[in-house]
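Report on the structure given below.
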Amino acid sequence: MICEVRHVRRCEMGRRKDGKAKTKLQGQALTPRQRMVGDEKEGSSGDARKKSTKRKERTKHKEKSERAEKDVKKAKAVKSKSVESFDDDVRVHSAVLDEPEDGNFVPNKRGKKRKRQEEPIEGPSTFKMNNLKEEDEASSGAKEKSRKMKKPKEEEGACPVTTKKSKEEKGECPVTTKKKSKEEKGECPVTTKKKSKEEKGECPVTTKKKSKEEIAAGKALKIKKKEEEEQQRWRWWEEAKYEDGVKWKFLEHKGPHFPPEYQPLPDNVHFYYNGNIVKLSLAAEEVALFYAQMLDHEYTTKEVFRNNFFKDWRKEMTLEERMLITDLSKCDFGELHAMHVEKVEARKAMNKEDKLVIKEANQRIVDEYGFCMLDNHRERIGNFKIEPPGLFRGRGEHPKQGYLKKRIQPEDVIINCGKGSRVPEPPAGHRWKEVRYDNTVTWLASWTENVQGSCKYIMLNPSSKLKGEKDWEKYEVARRLKSCVDRIRLQYQQDLKSKQMVNRQRAVALYFIDVLALRAGNEKEEGETADTVGCCSLRVEHITLYDRLEGSDCVVEFDFLGKDCIRYYNKVPVTKRVFKNLKLFMENKEPGDDLFDRLNTGLLNKHLSSLMPGLTAKVFRTYNASITLQEQLRKLSNGTANQAEKLLSYNRANRAVAVLCNHQRAPPKTFDQSMANLQSKIEVRREQLTLAKSELTLAKKEVKGHCSDSKLLALVERKKKAVQRCEEQIMKMEVQATDREENKQIALGTSKLNYLDPRISIAWCKNMEVPLEKIYNKSQRDKFAWAVDMTQTDFIF
DNA sequence: CGAACTACTTAGTATTGCGGAT
DNA sequence: ATCCGCAATACTAAGTAGTTCG
């Protein structure tokens, strides 16, 4: 069935020109989270147009040899048009739009960086079900609802209320009070393996055999460790900030950790070509193994992936090998794959001691490379490991998937550290590409990755000062937006009537960003990445206008792939003015043309920062997410509920945000199973409850007969307790089931980690008397230590 | 000015490993 | 003791946005 659907869709896509057929079909048959699954023939990108000379690295893989002539023609056409329209644009800036609604204005069609994807023709139908999600009304309905919830524009107009308290809250001008001098001088002796699982101090009930003392001792130890850790914590938020641009004064680290060298295959594992054993050179063998290891993965069924891999693999081969191996389908990686599977199994089946040995070895690596000294404090590094080589796993229909991601050598790595610090030693026999001493950046090491030509950095852990400070600042900017968002909204409502096209487009885009929490939508280089869009890069084909739909007027249907190729699908009623403008923007355009042809993120952000210092498009997402959480918590939570219910309402508030921000996940593979398990558990409990109840009545009866036999009375009490316990447990499980079901394809983590001001959650926990551990795990508490420390019950975002 | 370059945040998925159930 | 389910963590791709360069 799915295949059928897919087939149909392909056909439709084949004539995507009209835009409509495609969109409609997607809306019906595909799921909200549909990744563009596709068809890789011809690398899916047919357009020769390259707007500019790209970086050298970037051109490397650009052998788009076979290109349909018509595409070239089309590209040329577009190009010339774009030149034309540029002039036009200049004029129009000052041009007057007298009757724009009547369509006097002819929108130009500037070809931006992106280019139309070549239409899929056919391909292996390896449609992975579990990447799909059923499109259900419920979910889009929920989205709309959540949208409405935060719509009330002037409702929270009373924002100034916040200012009162927030003053000292934010401690904008942190006094330099060095309270904690403790570790200050102690130089942080490299002790404290903070690996401790003190996490849940509540349940010391590990092994029953342990004596009471042992348990107590363990508990005490944990508490002590916790305290120690707390004392060690750098309370940077109480210190003065550095002058502009300076990120640190002293930085010392051991450099990145490199992955182990490649281990050649054992002699009994063979690669076959065309049925014959072929002993590959080391380099070619390593790359072959990368592929063999992925054989179970859907990637290896994709044409683009296979072609890209093969192309890059052949580059690693010796001349001889290259002559011989010319067809991927004649390659047999079976034994390599089997060896890999075996290894994985063996690792799983390892006994405890061996596992411990490995664990300890890993720990030693962490101890050595995982920390740095930054301004007298020992900070955790986030990713201290150089990314190992492998095959590039781009998301969605990425044109570069399958290319070889090369092994990084010390000679590729730039080290950044403090002047006067001990410069990290390169691995024996090697040297660094460069050592620099730049304290205006936060990275410790960087290298250029070969597939996309972009930079990779080694940076600190989220719990570090450098990250925390930035995070705090982010939420403060969002809170500032709160106090002027009404003005800004008023302004863009006005701009919807502007005589200048660019202003109208900006206003509509801003409306989307504000109301729907869309991302900004930077331009992307065509053919270099999957075809995804954000607000400013929306194309005509991504929206459909309905004068009337499902009981609402002026409905816009969005259907596009956003970041990470996550589908955004939503039907939203908009104001008449926005609707009219959209119609105007779409006039005389092809489906593949930009909706906001006069706008880009730079322009938009420039405008925004003129309205409020520090304001950019993404601040709206932060602001709307946090304010939604706050509102929802207020609405949903009930101080008299029990803990499970309170947590459910928290999760629901969190969920409203995740829906708003379109944070999705693949439903866990075991979802249905585990749901069923939970249900059957509930059933069992129910039976127990019935039983307990009848026992209780029986006991009561007996009491009545024998007046007050103390034994019987005790029995009744016991039975009562049992009934109660059962009820509680059932309730708890039911709440859990609800929560899990609602969470099936929603990811809460992203918003919790990146969009929700932690102080809202912390204040809520305090007010609701819910332990913070129920909301934030250990690393989240570390990340938000600044907020945990400073937040009082009266915090208002 | 726009493209390129750089730095840093945000994102979903894969892997790990813990604790409870058996 | 082992298995299993899930939460936590690791990983790295893919965004945003500021700065520099031609």
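Chain letters run A, B, ... following the sequence lines, proteins first and then strands; every chain starts at 1.
- Each of C:dA10, C:dA13, B:dA7 was ranked by its minimum atom distance to the side chain of A:Val441; first place goes to B:dA7.
- In this structure, the side chain of A:Asn605 engages the main chain of A:Ala617 through a donor-acceptor pair within 3.5 Å.
- Using cut-offs of 30° and 60° on the angle between ring planes, the pair A:Tyr457 and A:Trp443 is tilted.
- Proximity note for A:His297 (side chain, C-beta onward) versus B:dA7, C:dA14, B:dA14: the nearest is B:dA14.
- Annotation: side-chain contact (heavy atoms from CB on, under 4.5 Å) contacts of A:His257 (sequence neighbours excluded): A:Ile365, A:Tyr369, A:Phe384, A:Lys385.
- With the nearest nucleotide of DNA chain B identified for both A:Lys783 and A:Arg347, A:Lys783 has the one nearer the 5' end.
- Rounded to an integer number of Å, the gap from NZ of A:Lys467 to P of B:dT9 is 4 Å.
- Within the 4.5 Å cutoff, the side chain of A:Arg479 has heavy atoms near those of the A:Asp757 side chain.
- Across all strands shown, A:Pro388 has heavy atoms under 4.0 Å from sugar-phosphate atoms exclusively, and none from any base.
- In this structure, A:Tyr291 and A:Phe305 have side chains that are in contact, with non-hydrogen atoms separated by less than 4.5 Å.
- The separation between A:Arg621 atom CZ and C:dA14 atom C1' is 13 Å, rounded to whole Å.
- Summarising the geometry, the separation between CG on A:Leu748 and P on C:dC6 is reported as 15 Å, rounded to the nearest angstrom.
- Distance A:Lys474 NZ to B:dA7 C1': 16 Å, rounded to the nearest Å.
- Nearest nucleotide to the side chain of A:Tyr755, out of B:dC8, B:dA11, C:dA14: B:dA11.
- Remark: A:Thr750 is in phosphate contact with B:dG12, judged by side-chain N or O atoms under 4.0 Å from OP1 or OP2.
- Closest approach to the A:Arg393 side chain among B:dA14, C:dA8, B:dG12 is made by B:dA14 (side chain taken as heavy atoms from C-beta onward).
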Got a list of protein N/O to nucleotides 15-18 of chain C N/O distances below 3.5 Å?
| from | atom 1 | to | atom 2 | distance (Å) |
| --- | --- | --- | --- | --- |
| C:dG15 | OP1 | A:Thr532 | OG1 | 2.8 |
| C:dG15 | OP1 | A:Asp564 | N | 3.2 |
| C:dG15 | OP2 | A:Lys524 | NZ | 3.1 |
| C:dT16 | OP1 | A:Ala520 | N | 3.3 |
| C:dT16 | OP1 | A:Gly521 | N | 2.6 |
| C:dT16 | OP2 | A:Asn522 | N | 2.9 |
| C:dT16 | OP2 | A:Asn522 | ND2 | 3.4 |
| C:dA17 | OP1 | A:Thr616 | OG1 | 2.8 |
| C:dA17 | OP1 | A:Ala617 | N | 3.2 |
| C:dA17 | OP1 | A:Lys618 | N | 2.8 |
| C:dA17 | OP2 | A:Asn605 | ND2 | 3.0 |
| C:dA17 | N7 | A:Asn522 | ND2 | 3.4 |

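- For the pair A:Lys405 and A:Thr670, nearest-nucleotide mapping onto DNA chain C gives the more 5' position to A:Thr670.
- Of the candidates C:dT12, B:dT10, B:dC18, the closest approach to any side-chain atom of A:Lys359 belongs to B:dC18.
- The aromatic rings of A:Phe392 and A:His398 lie perpendicular to each other, with more than 60° between the two planes, well past the 30° mark.
- Contact annotation for A:Lys355: no contact, since no heavy-atom pair falls under 4.0 Å across all strands.
- Taking atom NZ of A:Lys752 as the reference point, atom P of B:dT10 lies 17 Å away to the nearest angstrom.
- OP1 or OP2 of B:dA11 has at least one side-chain nitrogen or oxygen of A:His663 nearer than 4.0 Å.
- The interatomic distance linking A:Tyr475 (OH) with B:dT9 (P) rounds to 12 Å, in whole Å.
- Judged as a salt bridge (Lys or Arg N to Asp or Glu O under 4.0 Å), and not counting sequence neighbours, A:Glu342 has no contacts.
- When each of B:dA11, C:dC6, B:dC8 is scored by its nearest atom to the side-chain atoms of A:Arg740, the top-ranked nucleotide is C:dC6.
- Here A:Asn777 reaches the OP1 or OP2 of C:dA8: one of its side-chain N or O atoms lies under 4.0 Å away.
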query: So A:Phe558 and A:Leu516, side-chain contact (heavy atoms from CB on, under 4.5 Å) or not? Walk me through it.
result: CA-CA 10 Å; A:Phe558 291 83; A:Leu516 303 176; 3.4 Å; yes
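- Residue A:Gln664 has no polar side-chain atom (N or O) positioned under 4.0 Å from OP1 or OP2 of B:dG12.
- Protein atom CG of A:Asn651 is 11 Å distant from nucleotide atom P of C:dA7, rounded to whole Å.
- At a threshold of 4.0 angstrom between heavy atoms, the contacts of A:Lys247 are confined to the sugar-phosphate backbone, with no base atom among them.
- Heavy-atom distances to DNA chain B give each of A:Lys606 and A:Ala747 a nearest nucleotide, and the one nearer the 5′ end belongs to A:Lys606.
- Distance A:Glu449 CD to B:dA7 P: 15 Å, rounded to the nearest Å.
- Residues A:Ile746 and A:Val659 form a side-chain contact, since some pair of their non-hydrogen atoms from C-beta on lies under 4.5 Å apart.
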